[in-house]
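Counting from 1, the numbers follow the sequence of the chain as shown.
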Amino acid sequence: MYPDAPAFASACHGAGRAQSRHQAARGVDGKNLRTTMERDGIAVRASSWRGLAEEHPGAYKDVSSVVEAAEGAGLCRKIARLVPVGVVKG
């Protein structure tokens, strides 16, 4: 399909973790995280507070930096920036 594509015509679908799940859960309270996210207009549903804490935004690399690096390497082209309207963790 793309014989000269350096990444097999694929690009990252997320930023990747900056913290392990254990580190993330240890540093954030799930109840407080839900309150903060809902205050920011994001609907949150989780099967446990710990599970939600494992996925807090700070547990991940800065997605803007990751996208800039991928675009700079010629692996992709930015076409849209999406923001979450809901989170389901279960």
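Using a cut-off of 4.0 Å between Lys/Arg side-chain N and Asp/Glu carboxylate O, Arg45 and Glu38 are scored as salt-bridged.
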Next on the checklist: Go through it in stages, so that I can follow the logic: the residues are Glu54 and Arg17, the test is salt bridge (Lys or Arg N to Asp or Glu O under 4.0 Å), and I'd like the CA-CA distance, side-chain angles, deciding distance and then a yes or no.
Outcome noted: CA-CA 10 Å; Glu54 289 175 356; Arg17 295 193 74 91; over 6 Å; no
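Between Ala24 and Ala59, the shortest heavy-atom contact is CB-CB, 3.7 Å.
Residues meeting the side chain to side chain donor-acceptor pair (under 3.5 Å) test with Arg81, sequence neighbours left out: Ser64. For Thr35, there are no side chain to side chain donor-acceptor pair (under 3.5 Å) partners at least two apart in sequence or on another chain. By the side chain to side chain donor-acceptor pair (under 3.5 Å) test, Gln23 pairs with Ser20, sequence neighbours left out. Partners of Arg77 by side chain to side chain contact (heavy atoms under 4.5 Å, CB included), not counting sequence neighbours, listed by chain and number: Glu71, Ile79.
Side-chain heavy-atom separations under 4.5 angstrom define the hydrophobic clusters, and Val85 shares its cluster with no other residue.
Looking only at atom types and distance, the side chain of Tyr60 has no donor-acceptor partner in the side chain of Gln19 under 3.5 Å away.
In this structure, Leu33 and Pro57 have side chains that are in contact, with non-hydrogen atoms separated by less than 4.5 Å. Annotation: side chain of Lys78 is in contact with side chain of Glu68 (closest heavy-atom distance under 4.5 Å).
Side-chain atoms of Asp40 do not come within 3.5 Å of backbone N or O of Ile42 as any donor-acceptor pair.
At a threshold of 4.5 Å between side-chain heavy atoms, the hydrophobic network of Ile, Leu, Val, Met, Phe, Trp and Tyr places Val66 and Leu75 in two separate groups.
The CZ atom of Arg50 sits 9.5 Å away from the CZ atom of Arg26 when rounded to the nearest 0.5 Å. To the nearest 0.5 Å, atom CE of residue Met37 and atom CG of residue Leu52 are 6.5 Å apart. Separating the CG atom in Asp29 from the CZ atom in Arg34 is a distance of 10.5 Å, to the nearest 0.5 Å.
The list of salt bridge (charged side-chain N to carboxylate O under 4.0 Å, His left out) pairs with a residue in residues 58-67, not counting sequence neighbours, is empty.
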